[in-house]
Amino acid sequence: MIRATTAIVALFDAGSDRVFVGGFRTDVAKSRAAVGENGVICSELDDGSTPLGFDHEPSPSLLSRLDLSGRFSMLATTNGTPAILAAVREGAALILLGSLRNLDVVARRALAEASSAQCRHHDHCSGQLRNSRIAIEDSYWAGMIVSRICELAGHGAVELDDSASLARGFSISDKSAVPVLLGSMTGRRFIGNYRQHDVEFCARVKRIDHRSGRHRGARYSPSSGLSSRCQ
């Protein structure tokens with residue numbers, strides 16, 4: 001999932017006004033209708049190839065270099081975007097899409113929401129093979145976000161369940177994300193597909209000034225079957 005969420009952050013960093021998260025990875029007509037003729041549609045098949053008619057694969061390092069100012073985008077992946085849409089269907093009140101590239105702002109928003117609503121925060125990881133197997137990179141990110149929330153809240157202010165404690169311990173034991181992601185099963189697969197640059201891009205912890213409002217909340221559109229990030 002971390003590649004999908006990093007790709008979404010990259011699309012916003014490239015200037016995209018709105019990013020639609022789609023569950024259809026091969027329906028070019030539906031994807032194009034969502035973003036308009038000037039929009040960008042990104043997808044990949046299970047073998048990592050880009051379906052015919054789509055503009056780009058969901059490569060964060062590639063998407064971050066585009067100029068998408070004033071344009072809409074659509075992203076559909078094998079694991080990440082189905083997990084996002086599943087959270088929508090389950091009725092989540094707020095969905096925050098996190099990666100190491102926007103770690104700080106997601107931690108601050110999650111803590112603020114939990115404090116104001118006095119609710120529980122749940123980290124959902126898509127894993128591998130459509131959530132059928134744990135993924136090291138997702139566990140590492142979950143530990144990083146839990147650690148950052150604990151730092152912001154102060155000592156003893158956050159109650160962790162066992163899974164959150166395990167994830168936090170894992171992220172603390174491995175100080176650098178780069179070897180963790182490169183050594184994961186997903187990382188090794190991407191290296192084999194000549195996409196090591198994507199793994200390294202996803203592993204960079206970046207502190208972003210979000211006061212510009214570029215990175216926004218989540219909204220679901222029942223009419224289109226899409227989840228979109230909007231103002």
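Every heavy atom of this structure was used, including side-chain atoms; hydrogens, water molecules and symmetry mates were not.
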message = Show, in sequence, the C-alpha distance, side-chain angles and deciding distance for Glu44 and Arg195, and conclude whether the salt bridge (Lys or Arg N to Asp or Glu O under 4.0 Å) test is met.
response = CA-CA 13 Å; Glu44 68 178 353; Arg195 291 179 173 88; 5.4 Å; no

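- Between Leu62 and His56 there is a side-chain heavy-atom pair separated by less than 4.5 Å.
- Note on Leu85 and Leu45: separate hydrophobic clusters, where clusters join Ile, Leu, Val, Met, Phe, Trp and Tyr whose side-chain heavy atoms are under 4.5 Å apart, directly or indirectly.
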key: Derivation and outcome, side-chain contact (heavy atoms from CB on, under 4.5 Å), residues Ser64 and Asp13   = CA-CA 6 Å; Ser64 68; Asp13 280 344; 5.5 Å; no

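- When all heavy atoms of Ser73 and Ser16 are compared, the pair lying nearest together is OG-OG, 2.9 Å.
- A heavy-atom distance below 4.5 Å is not found between the side chains of Val21 and Val88.
- Note that the CD atom of Glu137 and the CG atom of Leu182 stand 11.0 Å from one another [nearest 0.5 Å].
- With a 4.5 Å cut-off on side-chain heavy atoms, Cys150 and Arg168 count as touching.
- Here the shortest heavy-atom pairing between Ser43 and Pro51 reads O-CD, 3.4 Å.
- Looking at heavy atoms from C-beta onward, Asp55 lies in side-chain contact with Ile41 at the 4.5 angstrom threshold.
- Hydrophobic clustering of Ile, Leu, Val, Met, Phe, Trp and Tyr side chains at less than 4.5 Å, counting indirect connections, unites Val178 with Tyr140.
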key: Residue pair Asn102, Ser99: steps toward the side chain to side chain donor-acceptor pair (under 3.5 Å) verdict   = CA-CA 6 Å; Asn102 66 339; Ser99 70; 3.1 Å; yes

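- Scanning all heavy atoms of the two residues, the minimum distance from Gly53 to Val28 falls at O-CG1, 3.8 Å.
- Within the model, atoms CG of Leu75 and CD1 of Ile84 stand 7.5 Å from one another, a figure rounded to the nearest 0.5 Å.
- Salt bridge annotation for Glu200-Arg204: absent, with no cationic side-chain nitrogen under 4.0 angstrom from a carboxylate oxygen.
- The structure places CD1 of Ile145 at 8.5 Å from CG of Asp104, a figure rounded to the nearest 0.5 Å.
- Taking hydrophobic clusters as Ile, Leu, Val, Met, Phe, Trp and Tyr residues chained together by side-chain heavy-atom distances below 4.5 Å, Leu68 does not share a cluster with Phe201.
- Using a 4.5 Å cut-off on side-chain heavy atoms (C-beta onward), Arg3 and Thr186 make no contact.
- Contact check for Cys202 versus Pro60: side-chain heavy atoms found under the 4.5 Å cut-off.
- When all heavy atoms of Ala14 and Leu63 are compared, the closest pair comes out as CB-O, 3.4 Å.
- Across all their heavy atoms, Arg71 and Gly39 have their closest contact at NH2-O, 4.1 Å.
- With 3.5 Å as the limit, one finds a donor-acceptor pair spanning the side chains of Ser59 and Asp198.
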ask   = Passes side-chain contact (heavy atoms from CB on, under 4.5 Å), Arg32 versus Met74? Steps please.
value = CA-CA 8 Å; Arg32 187 67 68 188; Met74 195 287 294; over 6 Å; no

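- Inter-residue side-chain proximity for Phe190 and Leu181 is flagged as unmet; no heavy-atom pair is nearer than 4.5 Å.
- Side-chain contact check for Val40 versus Val35: every heavy-atom pair is 4.5 Å or farther apart.
- For the atom pair CG of Leu11 and OG1 of Thr6, the computed distance is 11.0 Å after rounding to the nearest 0.5 Å.
- Tracing side-chain contacts under 4.5 Å through hydrophobic residues (I, L, V, M, F, W, Y), one never reaches Val146 starting from Leu166; they form parts of separate clusters.
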